[in-house]
Every structure is written in structure tokens, then in C-alpha cells.
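The basis for the numbers below is simple: all heavy atoms, side chains too, and nothing from hydrogens, waters or symmetry mates.
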Number of protein chains: 2
Amino acid sequence: MDPSVTHAIEDYLKTIYKSQRNGPASTSEVARAMGVSAASATAMIKRLAVMGLVDHTSYQGVRLTPGGEKIALQVVRHHRLLETYLRQVLGYPLDRLHDEACELEHHISEMFEDKISALLGDPTHDPHGHPIPTRSGRIVDVAAFPLAEAVEGQDVEIHRIADEDLELLRYFEEQRLLPHERVRVYSKAPMRGPIELRRGRKRTLIGYDVAEKVFVVSVNA
Amino acid sequence: MDPSVTHAIEDYLKTIYKSQRNGPASTSEVARAMGVSAASATAMIKRLAVMGLVDHTSYQGVRLTPGGEKIALQVVRHHRLLETYLRQVLGYPLDRLHDEACELEHHISEMFEDKISALLGDPTHDPHGHPIPTRSGRIVDVAAFPLAEAVEGQDVEIHRIADEDLELLRYFEEQRLLPHERVRVYSKAPMRGPIELRRGRKRTLIGYDVAEKVFVVSVNA
DNA sequence: GTTTAAATTTAGACTCGTCTAAATTAAAAA
DNA sequence: TTTTTAATTTAGACGAGTCTAAATTTAAAC
């Protein structure tokens, strides 16, 4: 990580990375995610463009260059390794992982990164089920779909969950609705109604809004 | 730690804490330790005084208030806990502890502090032998003296070593001249000449300059 | 094809922490 | 006691990152 790249720049690049899934990220999207005014986002995007970390055409959104993406992926790697570490080694509750990792991700050295990765056995996914980029910036994503879209009778494995909604994370943890859990969609009420899950002999009712934030993959029964 | 207290403020308070051993810290001392110009140090000291974290009389140096000392001790606690953690859990070499801890000390939460402290068994000293302040800011220091001042035939235990001179730290590590080691001062050459140590059956020659940076306590043979 | 609404950018200002150069004060030397 | 030197402070400026308010552009609605 180029040492002249500041905390703020890293945060913007990470935000743009997450916002540019389909086509360029808009200024307002970036501003909202960063919690700053649109004017501030514009100013920073212009600076990033001068540095060659993003491509920006006025009014047309912003896109990472290969150089910008490389930094963004390193930040994401730090973030997800840290979350995994805080969870598995220090026993953090789910709802405290994100904020701590957000702060630390900009301040750990490559030695720290390597040491914790090795200690954890070079994990490929964080505690929310998100993939951890490799040191060289490779990241593999799995096609998962919202639990809300599963059909009655379907057996699914939880693959990943949203990582920023604290209330939701507390609920996930309490319900053990965590990556690797297997559940059967026992019944679905109409009109975004509750969904009944079976895990072994145990049944769980969850709301539709929650089920939209749990991403699952289908498994053979 | 008051969240409105920035990284820079914490660093200045820590520096002033370490500089004000006998009487107030001078502006130039602070500036040198912080690696900034005297003008910058003056400016920051004035800001700290307005915040009530230091007492400052023009041209007369600076002294921490109780509020400022509390923050300084929390930073020192973070630093030394982190060094202990990096060493004992992640297996860092001695010469990489300080820089990593200096960066991380400003960015860990109280939960992180508590978790690593508990994991380490609430250690009282860091790997260099420096005392770790308690959460409430209590710190106990031991009267140790430089190995260079020990007399021939004296049995001593290494209590603490300097923590910022990288070359020296590499030498300490290579020689296993670490806290808790017991050595006998076998002979001293005159005029700041080398000192011969015995550890068990092993003998070690060390220079006077090194011996001035190793602090020891006398032990009954 | 205009008009309107929303998104975006520009203009101008502010704080923080830094700098250099010049002015001031304290303390040591004469 | 005066002079000289060293430490310290002030003055003024700068870059990073932010803000609000006003101007501009895009795109959607009419």
C-alpha cells in the first residue's frame, strides 16, 4: 500500500469499489456511503482522478482504475481478515466486528496482515461469509440468492449475511443464522409474510425483511 | 478516550508525558521527539492548553494536567499492551514492535484493549520490560540502574531495555539480552571499555554504550 | 421540444496540523 | 551590567478534507 495514500483516500476507494457493481458509481452514492456532502465527494473524486486512481467524467460517475482497484482490494482484504481475527481469536460479538475493522484496516502493516492470515490458516471468507481477497488481489464470489427468494421445501445453506446493520447482526447471532448453517424453507406466507425454517428438529420463524439480507445457496437434501 | 481527541493530540500528550520526568517538558524537546518544527510544537501546545490538557507558561515549558496525563497513560497502556501482544501472540521480532504499536495505539477500542489484556493474562510489563499502566492509569516503576554502572562480580537481572533503537534491539535479541535474563558482571575494562558477562557457563562481551541502555536490578547470587 | 426536478459541480470558507522566516524573550557569557 | 546566543513564539502561508450556498448539467415529464 503506497504510504502516501491516506486513510481518507483508502476509504473512498473502498466505497467506490463497493458501489460500482454495475457500471460506474455515482457521486451521490459515494457521498451517502461516506457520510459526507456531495460537494466533498466531488472534490475528493477529482483528487483521486488526478492521482490516477479513478476515471471520472463530469456528471457521469466514477470508476476505479486498475491502480485504484488494487488499493481497494487491499483495504477489503485487511477489513475481512481483521473481522475474521477479531471473531475467531478475540471472540468479538458479530455486531462489533465492522466498526473495529473499519478503523484498523488503514493502520496495520503487511507483517500484521501476513501474521494474522497465517494464524487463521489463510481463510477465504470472513465471519459474514464475504470472500477475502488474496494478497495479490484475487477475489472469488459465489452466486448466492436471498433466502427470501427460496421456495417452499428447498434446502439451503447460508452463505453470507449483511455486515453493517447492527440490529440485524444481533438478531442473526441470537438465532445462529450464520454462514454454513443449513436450513429447510418449510413454509412461506404470502405478501412478504414470515418464513418458517426448519433446522434439524428446530423451527424458526423469520421476517421477510430479514430473509432478504441472508444470502443462501441451494444444497441437495 | 474522548473521541474528539485526535491521533496527533494523543501523540503530543504521550511525548510530553515521557519528556516531563524532572520538571516541565521544553518546547524543543517535544518538537524533536515529535519530529516537527519548534513552531509547530508551540502551536499544538497552545491548543492543548486551551483544551485543558496541559499547563503552559510562555517560555517556561509544558506540563500535563491530570486530564492530559490520564489520556497519555491510556496511550502508553495501548502501546505496551500491543507490543506485548505482537510479541507473544504474533511472534514479532523485537525491532518491529515499536513502530507497529505506535500506529495501532491510536486506533484500538476499549474492547480490543480489554480482550488482548485478558488474553495475555493482564500483563504488568511489555517485552522491553516497561511497566504497563492499568486501565485506571496506575503505573509502577522499579528503581533499576544501567548495567554499565554495575560493579565487577555483581549478579544482576535485566529489567528493561531501550525500545526505540532498532539496531540495538536486533543486537539484544541476537544476544538474548532480554528482561528476566540473569547475568554476572565478570569483568569491566576501564575507560568505557567492554564488559564481560557470564550467564551460566556462557560468556558475553558487550560494549559500554550498549550497557548504558540495559537497565538492571541487583539480585542475591 | 420545453419545462421541471434531481444530480452534480463550482465558489468560497473553515479547521487541523504543518511549514519557513522573522521577532521576541530568557539565560549565559563577558 | 551589557552583550551574545539559544530557545521560543508570532506571523503568514499551505494542503487535506470538510462544509453551505449557488450555479450548472442531465434526464425525465409534460
(message) Using a strict threshold of under 4.0 Å (side-chain N to carboxylate O), is an ion pair present between A/Arg160 and A/Asp141?
(response) yes
note: B/Ile9, atom CD1; C/dT18, atom C1'; distance rounded to Å ~ 14 Å
Taken to the nearest whole Å, NZ/A/Lys46 to P/C/dA11 is 11 Å
- Look at the side-chain N and O atoms of B/Thr6 and state whether any lies under 4.0 Å from the OP1 or OP2 oxygen of C/dG17. yes
Do NZ/NE/NH1/NH2 and the carboxylate oxygens of A/Arg87 and A/Asp126 come within less than 4.0 Å? no
In terms of side-chain geometry, is the basic nitrogen of B/Lys18 or B/Glu164 positioned less than 4.0 Å from the acidic oxygen of its partner?
yes
Taken to the nearest whole Å, CE/A/Met51 to P/D/dA16 is 8 Å
In terms of side-chain geometry, is the basic nitrogen of B/Glu105 or B/Lys14 positioned less than 4.0 Å from the acidic oxygen of its partner? yes
With a non-hydrogen cut-off below 4.0 angstrom, is A/His56 in contact with a base, only sugar-phosphate, or nothing? sugar-phosphate
* To do: With heavy atoms under 4.0 Å as the rule, sort B/Thr27 into base, sugar-phosphate or nothing.
  => sugar-phosphate
- prompt: Any Lys/Arg nitrogen of B/Arg63 or B/Asp55 sitting under 4.0 Å from an Asp/Glu carboxylate oxygen of the other?
  reply: no
ask   = Reckon B/Ser26 has a side-chain N or O less than 4.0 Å from the OP1 or OP2 of D/dA7?
value = no
Side-chain donor-acceptor pairs under 3.5 Å in residues 129-138 of chain A, sequence neighbours left out?
residue, atom, partner, partner atom, Å
A/His130, NE2, A/Ile161, O, 3.0
A/Thr134, OG1, A/Ser136, N, 3.3
A/Thr134, OG1, A/Ser136, OG, 3.1
A/Thr134, OG1, A/Gly137, N, 3.3
A/Thr134, OG1, A/Arg138, N, 3.0
A/Arg135, NH1, A/Asp114, OD1, 2.8
A/Arg135, NH1, A/Asp114, OD2, 2.6
A/Arg135, NH2, A/Glu110, OE1, 2.6

Once base and sugar-phosphate atoms are separated, protein heavy atoms under 4.0 Å mark nucleotides 18-26 of chain D, 5' to 3', with B, S and - as BBBB--BSS
To the nearest angstrom, the NE2-P distance between B/His106 and C/dC16 comes to 18 Å
Whole-Å distance, A/Leu48 CG to D/dA16 C1', equals 12 Å
Within the 4.0 Å heavy-atom criterion, would you say B/Ser28 contacts the bases, only the backbone, or no part of the nucleic acid?
sugar-phosphate
